[in-house]
Amino acid sequence: MKNIRQLMALIVACVILFNGCKKDTVTESKLRNQELQMKSKTAAKQTSAELKKKLNQFQSSLSTNSKQKLKQNLALLLKIHPEYRDKVRKALNIEESTCDDNTLTNQWLDQQLADWNSEIINYVLETAMLDLPTYDALLFENSSANQYFGTNGEYTHQLTKTFKDLKRFWNIESDGIVLAAMHGSMLADRDRLIRTYEAAYGLPPADAEFYADFVLAILDAFPQLRNGDHPIFTFNAFALQSFNFPPYGVIPDKIIMGDGIMEAFTAIGYGDVAPQAILAHEFGHHIQYQLDLFEDEDSPEASRRTELMADAYSAYYLSHARGASMQWKRVKQFLQVFFNIGDCSFTSNQHHGTPAQRMAAAEWGYNLANNAQKQGHILSSQEFTQLFEAQLPQIVQL
């Protein structure tokens with residue numbers, strides 16, 4: 001199998017969108033965002049003619065072969081991450097969505113994009129800027145050491161503590177799993193851009209350098225992109241299994257947490273629970289890798305099964321007395337938001353289950369922990385999975 005196809009086939013479980021929250025937090029965030037947007041719009045008007053000319057020169061000089069490679073790779077990402085890409089493309093007005101988009105997180109994301117125009121969007125799509133941070137983290141962040149989470153490291157303690165706790169809680173071999181961050185700031189780093197274009201897209205060095213300089217010029221021209229730190233670039237989280245990627249070597253088992261997705265949840269009032277819940281869901285996929293629970297053939301039913309199972313793993317850990325020991329009322333509030341993603345992809349091989357099914361799976365996981373006769377006992381991953389498989393037919397009837 002070709003490297004890129006293999007690479008994309010191993011990306012699992014993108015986490016996205018939601019509903020409900022704390023009104024005061026949203027109001028403060030909205031005011032802050034409006035102020036930022038006003039400043040960005042003023043700066044955009046001052047974009048020099050020289051920069052515009054430079055961008056036009058870059059665009060007219062793009063290699064047809066390189067353009068085709070970027071488009072082919074984008075097509076693969078659209079298939080692998082339908083829920084993430086649907087939300088992003090809807091927010092960017094690239095296509096309509098048939099899903100309910102009246103959620104606080106969607107509203108927040110719309111606010112972040114209020115100062116973008118078609119010119120900016122075209123440049124972002126032309127250079128695959130939406131995908132570069134994902135590939136950079138996927139291929140090159142291969143150690144948990146020296147990682148920071150959040151644009152300013154604000155989630156670092158929260159996530160590193162939870163990751164350590166998850167490895168203690170579940171009885172799988174987890175020492176080799178890397179917890180790494182996805183930062184949009186890589187878009188301002190020429191060397192990282194070059195290596196990502198070469199590795200993920202197969203561009204020759206000259207074309208990779210050309211595209212890297214093009215991205216830097218775009219960031220320079222448009223302050224609306226926040227020098228790469230705009231949440232749209234890292235609105236994602238996922239898990240993947242170790243694989244060999246010549247000539248770069250073995251990519252380890254990994255969980256990637258994007259700055260943008262955590263920023264969104266924090267903005268709507270769930271910063272105290274969202275990072276842990278997302279991480280616990282992604283850790284659940286590594287349980288599935290080790291127990292060989294993924295089916296050989298892709299199908300909507302197969303994807304739904306593993307996603308609902310990961311939801312149950314997450315809720316069991318979050319609510320267990322020896323896990324995160326969170327109050328179920330707060331966890332449930334978050335999960336109602338998190339699961340209200342409007343998954344309309346019922347025929348997609350990446351279907352995650354309906355919001356009602358996902359909530360049912362999570363509540364089942366909570367009840368398993370809460371109703372246990374021995375509150376201090378932690379089910380093994382094998383025991384938990386066996387019980388879930390027996391319950392799945394009831395869950396999917398919702």
Side-chain angles (χ1 to χ4, degrees), residues 1-14 62-81 84-85 127-147 172-183 186-187 189-215 233-234 236-258 282 285-286 288-298 306 349-350:
M1 181 180 294
K2 294 181 179 179
N3 289 340
I4 293 297
R5 186 177 182 83
Q6 179 191 46
L7 176 67
M8 296 313 306
L10 290 167
I11 301 178
V12 179
C14 193
L62 293 176
S63 160
T64 301
N65 182 50
S66 294
K67 284 183 181 180
Q68 189 61 33
K69 286 185 178 181
L70 294 186
K71 288 181 179 179
Q72 288 174 347
N73 196 279
L74 173 63
L76 285 173
L77 272 176
L78 287 171
K79 294 178 182 178
I80 296 300
H81 291 310
Y84 168 55
R85 294 299 164 184
T127 54
M129 288 174 68
L130 291 175
D131 309 322
L132 291 170
T134 299
Y135 282 132
D136 175 65
L138 191 153
L139 293 174
F140 297 110
E141 293 297 334
N142 294 323
S143 171
S144 297
N146 302 317
Q147 294 286 335
I172 63 169
E173 293 295 328
S174 54
D175 288 343
I177 302 174
V178 169
L179 176 62
M182 184 197 313
H183 301 299
M186 66 80 56
L187 293 168
D189 188 322
R190 186 174 188 270
D191 291 339
R192 292 174 73 177
L193 287 169
I194 292 171
R195 73 180 186 182
T196 303
Y197 276 125
E198 289 181 347
Y201 294 94
L203 298 187
D207 283 355
E209 292 175 11
F210 183 88
Y211 266 101
D213 290 334
F214 190 12
V215 168
F233 296 122
T234 53
N236 194 2
F238 60 88
L240 74 147
Q241 190 176 26
S242 175
F243 65 100
N244 188 31
F245 191 64
Y248 296 90
V250 175
I251 307 301
D253 289 337
K254 195 176 296 189
I255 295 174
I256 300 295
M257 299 290 291
E282 300 305 328
H285 287 305
H286 281 287
Q288 294 166 339
Y289 287 137
Q290 291 204 19
L291 299 184
D292 194 24
L293 297 176
F294 287 96
E295 298 180 17
D296 293 335
E297 294 185 7
D298 294 333
T306 53
N349 288 343
Q350 294 299 317

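The two residues Leu203 and Ala208 come nearest to each other via the heavy atoms CB-N, 4.2 Å. Residues Tyr289 and Ala239 come closest through the heavy atom pair OH-O, 3.6 Å. Taking each heavy atom of Ala137 and Ala181 in turn, the nearest pair found is CB-O, 3.7 Å.
Rounding to the nearest 0.5 Å places CG of Leu187 at 9.0 Å from OG1 of Thr196. Atom CD1 of Ile256 is separated from atom OH of Tyr135 by 13.5 Å, given to the nearest 0.5 angstrom. Going from atom OG1 of Thr234 over to atom CE of Met257 covers 11.0 Å, rounded to the nearest 0.5 Å. With rounding to the nearest 0.5 Å, the separation of CG in Leu132 from CG in Asp189 is 12.0 Å. Here the straight-line distance linking atom NE2 of His183 with atom CG of Asp136 works out to 9.5 Å at 0.5 Å rounding. Taken from CD1 in Ile177 to CD in Glu282, the straight-line distance is 11.5 Å, to the nearest 0.5 Å.
In this structure, Arg192 fails the cation-pi test against Phe140, since its NZ or CZ atom is not both closer than 6.0 Å to the six-membered ring centre and inside 45 degrees of the ring normal.
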Exercise. Go through the steps for Phe294 and His285 under the test side chain to side chain contact (heavy atoms under 4.5 Å, CB included), then give the verdict.
Key: CA-CA 9 Å; Phe294 287 96; His285 287 305; 4.0 Å; yes
Applying side chain to side chain contact (heavy atoms under 4.5 Å, CB included) to Ile251 and Leu139, what does each step give before you reach the verdict? CA-CA 7 Å; Ile251 307 301; Leu139 293 174; 4.2 Å; yes
Derivation and outcome, side chain to side chain contact (heavy atoms under 4.5 Å, CB included), residues Phe243 and Val250:
CA-CA 6 Å; Phe243 65 100; Val250 175; over 6 Å; no
Q: Tell me, with the steps shown, if Thr134 and Phe238 meet side chain to side chain contact (heavy atoms under 4.5 Å, CB included).
A: CA-CA 9 Å; Thr134 299; Phe238 60 88; 3.6 Å; yes
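With sequence neighbours excluded, no residue forms a side-chain hydrogen bond (donor to acceptor under 3.5 Å, both in side chains) with Asp253.
Within the 4.5 Å cutoff, the side chain of Pro205 has no heavy atoms near those of the Ile194 side chain. Using a 4.5 Å heavy-atom threshold, the side chains of Asn142 and Tyr248 count as separate.
For the pair His286 (side chain) and Lys254 (backbone), a donor-acceptor distance under 3.5 Å is present.
Between Phe210 and Tyr197, the ring centre distance reaches or exceeds 6.0 Å.
In the model, Glu141 has a side-chain atom that pairs as donor or acceptor with a side-chain atom of Gln147 under 3.5 Å.
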